[in-house]
Enquirer: 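Sharing a structure, written as C-alpha cells. Questions coming.
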Amino acid sequence: MNAPLKLSRKAGPTSPNRRNFMKASGGLLIAFSLLDPVVAMAQTLGADGASVAPPNESELYAWLAIHPDNTATLFTGKVDVGTGTEIALAQIAAEDLDFPIDKLSVVMGTTSTTVDQGPSFGSRTVRYAGPQIRHAAAAGRQALLGLAAKHFKLPINQLVAKNGVISVAGDPSQSITYGALVSGKRLNVNINASGTKFDMKVAPDIKVKDPSTYTVVGQPVHRKDIPGKVTGQFTYVQDVKVDGMLHGRVVRPYGVEANLVSIDEAGLKDIPGFVQIVRRDNFLGVVAETEWGAIQAAEKLGSKLNPSGPTDGQAKWSNWHGLPEQKEIWNVVRNETGGNTLVAAKGSVDIALRTAKKVIKATYETPFQTHGSIGPSCAIADVKKDRATFWSGTQMPHQTRRDMAKLLGMDPNRVEVKWFEASGAYGRNGLEHVVADAAIMSQAVGHPVRVQWMRWDEHGWDPKEPAITQDLLGALDDKGNVVAYRYQSWIPTTFNTHLIAVRLVNGPDIGITGQGRPSITYAYDFDNSSVVCHGEGHVALLSSWLRAPAQFETTFAMESFIDEIAAAAGQDPLSFRLAHVQDQRAIDVLRAAAQAYGWKSRPSHAEKQSEGNIAHGRGIAWVDRDGTRVATIADVTVNRKTGEVLVKRVVVAQDCGLVINPDGLKNQIEGNIIQSISRTLHEEIMFDRAHVTSRDWVGYPILRFNEIPDSIEIVMVNNRAEYPPNGSGEPSTCPTGAVLSNAIFDAVGVRMRQIPFRPARVKAAMA
C-alpha cells in the first residue's frame with residue numbers, strides 16, 4: 001500500500017505563494033526556487049486569503065521556471081490521466097529550451113500555478129498545448145541567450161545553447177549554465193500570448209527549432225510516474241490527506257429522480273466519530289471523523305437492493321420509476337426529439353435502388369456503458385467563508401474552479417483547484433461530480449471534507465456513454481459494384497452533464513450543455529450516398545463522454561457494414577476498402593497493417609478453420625478520428641459450444657503525424673485496444689424503471705488478464721516532421737468493435753450487430 005500524502009493547510013515560511021511572489025517581480029522569475037512540484041501543488045492559501053487566480057499567460061513565468069541548481073519546471077494547465085502526456089509535453093519543452101529532459105519537472109493542472117489551456121480530453125493535449133509550450137520554451141531559450149550575451153559581452157549569434165548550458169561558439173571553455181546565469185536576476189519578459197484555451201497564441205513571433213534537428217522529440221523517453229505506480233508509492237488524489245480533514249459519503253435515492261421525504265437520525269450518533277448529516281433540498285450526505293464511520297452512517301440512511309425491490313434505509317424517498325424499459329431503449333432513442341445533421345450526400349440513393357440487384361440492410365445497436373474506473377471518484381474540499389480549495393483528479397481543473405465558484409457564490413479568484421492524478425479516468429466520469437459533493441459537505445461543516453464514491457455510486461451514478469442505434473443500407477448491381485449507400489444514426493447528446501449535487505440542491509445551472517456534434521467519419525467514395533445523424537436529445541440516464549465518444553459506436557456500425565457489403569459482393573474486405581477510399585493517409589495505414597499482419601486476399605468466411613469446437617477468424621477496420629488514421633486487424637477464436645470469443649492477436653497501424661514519444665504512443669495504443677476489447681465483449685449497463693442495477697463488477701464485468709491478446713503489434717505510419725502531431729488518446733479505440741464483429745463473421749458466419757458480444761449472445765446468434 002502506498003503511504004497517503006499528508007498535507008499542511010497553511011504554507012510555512014519556506015513555502016512562499018508562487019503566484020504572488022512571481023507577480024510582485026513583474027515578469028519572468030528565473031531565480032525562483034520552486035519546491036518539489038508535488039509539495040508545491042499541495043500548498044493551500046495563506047491565512048490572508050490572497051487571490052489565487054491563474055498566472056498571466058502573456059508572461060514567461062506562467063510557463064517556465066529555471067532554478068539555481070540548473071533544473072527547470074514546466075507549468076501546464078493540461079493534465080495527465082494516465083496517457084503519458086506529462087512526459088510528451090516535457091519533451092516538447094526540453095527540445096526548444098535546449099534543456100536536459102531528466103532535469104525538467106512538470107507541474108500540471110493546479111489552477112493557481114498554471115495557465116488555463118482548456119480541458120484534457122478529445123486527444124487534444126499534444127495537438128493544442130504542444131505548440132503553445134513549444135513557443136513558450138523557445139521564448140525562454142531566447143531570453144536566456146539574451147542574458148548570456150550580456151554576460152559574455154557578445155552578440156547572441158556567437159553563442160550556442162545546448163543541454164542547459166550556453167557557450168561561446170568555437171570555445172566551449174567559456175560557458176555558463178542556465179541556473180548560474182539567472183541566479184539572483186529577474187527578467188520582465190512578455191511573450192505576447194493572446195486569447196485562451198485552444199486558440200491561445202503563445203510567443204507567435206518567436207523562432208522555434210527546425211523539426212529536422214530534434215534530439216528529444218521523437219525519442220522513447222521513460223515516464224517518471226511509472227516506477228511509483230508499479231511499486232505502490234505514487235500519490236493519487238485518493239491518497240491525499242489534509243490536516244483536520246473529515247470524511248463524507250453521499251446517500252443516493254433508489255429512484256434516479258426521487259425526492260427526499262424524511263430522515264430518521266436514530267442510531268447515527270452511536271456510530272464512533274459521527275459528525276452530522278448534511279441535507280440541502282434533495283442532497284443527502286453524512287460526515288464523520290473516519291471513513292468507516294461515514295460508510296456506516298451512509299449505509300444506515302441509504303436504500304438497499306433486494307431481488308424483490310428496494311428496502312428503504314432511514315432516509316425516505318418518493319416513489320420514482322421514470323426510466324424506460326431497457327428492452328425499449330432503442331425505440332426511445334429513435335423517438336427522441338432533436339436536430340438532424342447531414343454528414344455527407346452524393347447522387348440519389350432512392351433512384352439508384354430502383355435498378356439495384358441486391359440490397360443489404362442492417363441495424364446496429366450499442367448499449368449504455370460506464371467508465372468502469374477501478375479507483376472510485378474522489379475529491380477533497382476546504383470551503384471557508386470567502387475562499388475555497390479543492391483537491392481533485394478532474395480532467396478540467398480550470399473549468400471546475402469556475403463551476404465551484406458559481407456553486408458557492410464566490411469570486412473565482414478565491415477558488416483554487418489543486419490537481420492530483422486520479423486512479424482511473426476514461427472520459428468525463430464522476431471526478432467533477434464528487435467535487436461538488438465535497439463542496440456542499442465542507443461548506444456545511446466548516447472543515448475540509450474528503451468524499452470518495454462507493455462502487456455502487458461509481459457504477460450507478462457516473463455519467464454514461466449513451467445507447468445508440470444505427471440503420472445502414474447498401475445496394476449492389478449485377479457485377480457486385482456498390483450503387484447506393486445509406487447511413488442513419490440516432491445519437492443522444494453527450495453534452496448533458498449537469499453536476500448531480502448541484503441539481504439536487506436546486507443550484508445554478510452548472511455543466512456542459514447543448515447539442516453534441518456527432519462523431520461520424522464517412523470516407524468512402526460511393527456514387528449515391530447519404531449519411532445523416534438524427535436526434536441528439538437526452539435519453540434516460542445522465543450521459544457524458546466515454547473514450548472516443550460516439551465514434552467507437554459509429555465506427556462499429558459503419559466498418560462492420562462495409563464488411564457486409566464486401567461479403568455480399570464476394571470481395572476481399574481489405575481490397576474492397578482500398579477500392580473505395582480516396583484518402584492517401586488512410587490507404588497508407590490499411591496497407592501498413594495488412595503488411596505487418598501478413599494479409600492474404602480472400603472473401604470473409606471463405607475458409608473454414610476449426611479445431612473441434614474452436615473456429616478461427618480475422619477482421620479488419622479503420623477510422624479517421626480528428627486527423628489521426630488507424631487501421632486494425634485482429635485474429636479471434638470463437639468457441640462454437642459456449643459462444644466465448646477470445647482475441648489472440650492484434651495489429652494496429654496508426655498515423656498521428658509526428659510522434660513525440662514512440663514508447664508513450666505504444667503504451668497508449670495498447671491501453672486503448674485492451675479497453676475497447678472489454679467494451680466490445682463484456683460491457684453493458686443494465687437498468688430497471690428506477691435506476692442502474694449493474695452496480696458492481698459482477699453485473700458489469702470487464703476484461704480479465706487472461707483475456708488480453710497474446711500479441712499487440714504496432715506500426716507507426718507517416719511519422720514525419722511535415723505532419724504536425726495529432727491526438728492518440730482515443731483513435732485506436734474506435735475500430736475494435738467492427739474488427740471483432742468482422743472476425744466473428746469470418747470464423748463462424750454470423751453477424752454480431754449488438755454490443756457486447758457476450759458468450760450467450762454469440763451462441764444465440766450461431767443457433
Side-chain angles (χ1 to χ4, degrees), residues 37 41 54-65 72-97 99 101 104-111 113-141 191-204 206 208-209 211 214 216-218 221 223-225 393-401 417 419 421 425 625-628 656-661 664-665 668 723-731:
M41 286 196 295
N56 184 348
E57 69 269 9
S58 68
E59 304 295 338
L60 191 52
Y61 78 79
W63 303 89
L64 291 166
T73 302
L74 167 69
F75 301 92
T76 172
K78 293 293 187 179
V79 299
D80 190 335
V81 293
T83 59
T85 54
E86 177 182 358
I87 191 63
L89 296 180
Q91 286 180 254
I92 292 170
E95 187 68 72
D96 267 273
L97 188 60
F99 198 79
I101 184 69
L104 179 68
S105 59
V106 183
V107 171
M108 307 188 88
T110 294
T111 57
T113 59
T114 68
V115 170
D116 183 0
Q117 293 179 275
S120 300
F121 51 58
S123 301
R124 292 173 173 173
T125 296
V126 169
R127 192 181 351 163
Y128 288 104
Q132 298 166 354
I133 289 169
R134 182 187 185 197
H135 280 245
R141 178 178 178 275
I191 57 176
N192 191 29
S194 61
T196 57
K197 297 183 181 178
F198 298 155
D199 60 349
M200 188 183 298
K201 306 296 183 184
V202 176
I206 201 72
V208 296
K209 290 177 70 173
Y214 283 171
V216 182
V217 167
V221 180
R223 287 168 52 173
K224 298 179 181 179
D225 59 324
T394 172
Q395 290 178 261
M396 44 198 304
H398 286 270
Q399 181 60 47
T400 297
R401 167 180 170 266
V417 175
W419 183 82
E421 185 176 334
R625 178 161 178 80
D626 294 332
T628 293
C656 57
L658 179 66
V659 175
I660 306 301
N661 187 327
L665 175 63
Q668 181 62 71
Y723 293 116
N726 257 325
S728 294
E730 299 177 309

Enquirer: If the condition is side chain to side chain donor-acceptor pair (under 3.5 Å), which residues does Ser728 pass it with, not counting sequence neighbours?
Expert: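 By the side chain to side chain donor-acceptor pair (under 3.5 Å) rule, Ser728 matches Gln654.
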
Enquirer: Who pairs with Arg141 by salt bridge (Lys or Arg N to Asp or Glu O under 4.0 Å), at least two apart in sequence or on another chain?
Expert: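 Partners of Arg141 by the salt bridge (Lys or Arg N to Asp or Glu O under 4.0 Å) criterion, ordered by chain and then number, come out as Asp98.
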
Enquirer: What is the minimum heavy-atom distance between Phe75 and Ala65, and which atoms define it?
Expert: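 Scanning both residues completely, I find the closest heavy atoms to be CE1-CB, 3.8 Å.
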
Enquirer: With sequence neighbours excluded, tell me which residues meet side-chain contact (heavy atoms from CB on, under 4.5 Å) with Ala88.
Expert: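 Expected list: Val126, Ile660.
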
Enquirer: Do you know the tightest heavy-atom contact between Met396 and Pro119?
Expert: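 Closest pair (atom of Met396, atom of Pro119, distance): CB-CB, 3.9 Å.
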
Enquirer: Measure from the side-chain N and O atoms of Asp116 to the backbone N and O of His398, and report whether any donor-acceptor pair falls under 3.5 Å.
Expert: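 It does not hold such a pair.
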
Enquirer: Just so I know, are the side chains of Pro54 and Arg401 near enough to count as touching, which here means a heavy-atom distance under 4.5 Å?
Expert: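 Yes; the side chains approach each other to less than 4.5 Å.
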
Enquirer: Measuring from Leu97:CG to Lys209:NZ, what's the distance to the nearest 0.5 Å?
Expert: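 That separation rounds to 9.5 Å.
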
Enquirer: With distance as the sole test, does Lys78 use its side chain to make a donor-acceptor pair with the main-chain N or O of Gly109 at under 3.5 Å?
Expert: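 No, because the side chain of Lys78 does not come within donor-acceptor range (under 3.5 Å) of the backbone of Gly109.
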
Enquirer: Between atom CD1 of Ile87 and atom CD1 of Ile101, what is the distance when rounded to the nearest 0.5 Å?
Expert: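 Answer for the CD1-CD1 pair, Ile87 versus Ile101, is 4.5 Å.
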
Enquirer: If you measure from CD1 on Ile133 to OG1 on Thr125, what distance do you get to the nearest 0.5 Å?
Expert: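 One gets 9.0 Å once the value is rounded to the nearest 0.5 Å.
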
Enquirer: Who passes side chain to side chain donor-acceptor pair (under 3.5 Å) against Gln668, sequence neighbours left out?
Expert: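 Partners of Gln668 by the side chain to side chain donor-acceptor pair (under 3.5 Å) criterion, ordered by chain and then number, come out as Asn672.
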
Enquirer: Where is the tightest heavy-atom contact between Leu74 and Ala93, given as atom of each residue plus distance?
Expert: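 Distance-wise, the nearest heavy atoms are CD2-CB, 4.0 Å.
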
Enquirer: Are Asp626 and Arg127 side-chain neighbours, meaning at least one heavy-atom pair lies under 4.5 Å?
Expert: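 Touching, per the 4.5 Å side-chain cut-off.
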
Enquirer: Looking at Val217, is its backbone amide N or carbonyl O close enough to the side chain of Glu95 to form a donor-acceptor pair, meaning the two atoms are under 3.5 Å apart?
Expert: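 Side chain of Glu95 to backbone of Val217, a donor-acceptor pair under 3.5 Å: yes, one is there.
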
Enquirer: Determine yes or no for a side-chain-to-main-chain donor-acceptor pair under 3.5 angstrom, with Thr628 supplying the side chain and Asn726 the backbone.
Expert: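 No: the side chain of Thr628 does not pair with the backbone of Asn726.
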
Enquirer: Nearest 0.5 angstrom please: Leu665 CG to Thr83 OG1, how far?
Expert: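 The OG1 atom of Thr83 is 11.0 Å from CG of Leu665, to the nearest 0.5 Å.
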
Enquirer: Any sub-3.5 Å donor-acceptor pair from Asp96's side-chain atoms to His135's backbone N or O?
Expert: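 Not a single qualifying donor-acceptor pair exists.
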
Enquirer: With sequence neighbours left out, write down each residue that passes side chain to side chain donor-acceptor pair (under 3.5 Å) with Asn661, or none if nothing qualifies.
Expert: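 Applying side chain to side chain donor-acceptor pair (under 3.5 Å) to Asn661 gives Gln91.
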
Enquirer: Would you please name every residue forming a side-chain contact (heavy atoms from CB on, under 4.5 Å) with Pro211, sequence neighbours left out?
Expert: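 Partners of Pro211 under the side-chain contact (heavy atoms from CB on, under 4.5 Å) test: Arg134, Tyr214, Ala721.
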
Enquirer: Would a 4.5 Å heavy-atom cut-off, applied to side chains only, mark Val115 and Gln132 as touching?
Expert: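 Side-chain contact under 4.5 Å: no.
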
Enquirer: Does a side-chain heavy-atom distance below 4.5 Å link Trp419 with Met108?
Expert: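 Yes; the side chains approach each other to less than 4.5 Å.
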
Enquirer: Does either side chain, that of Thr114 or that of Thr76, offer a donor lying less than 3.5 Å from an acceptor on the other one?
Expert: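 Side-chain D/A pair, Thr114 to Thr76: absent.
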
Enquirer: CG/Leu104 to CG/Leu89 distance, rounded to the nearest 0.5 angstrom?
Expert: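 Between Leu104 CG and Leu89 CG, I get 10.5 Å after rounding to 0.5 Å.
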
Enquirer: Got Thr110 and Pro397 here, is their nearest side-chain heavy-atom distance under 4.5 Å?
Expert: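 A side-chain contact is absent here, since even the closest heavy-atom pair is not under 4.5 Å.
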
Enquirer: Would you say the side chain of Ile206 lies within less than 4.5 Å of the side chain of Ile191, judging by non-hydrogen atoms?
Expert: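 Contact flag for Ile191/Ile206 side chains = no.
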
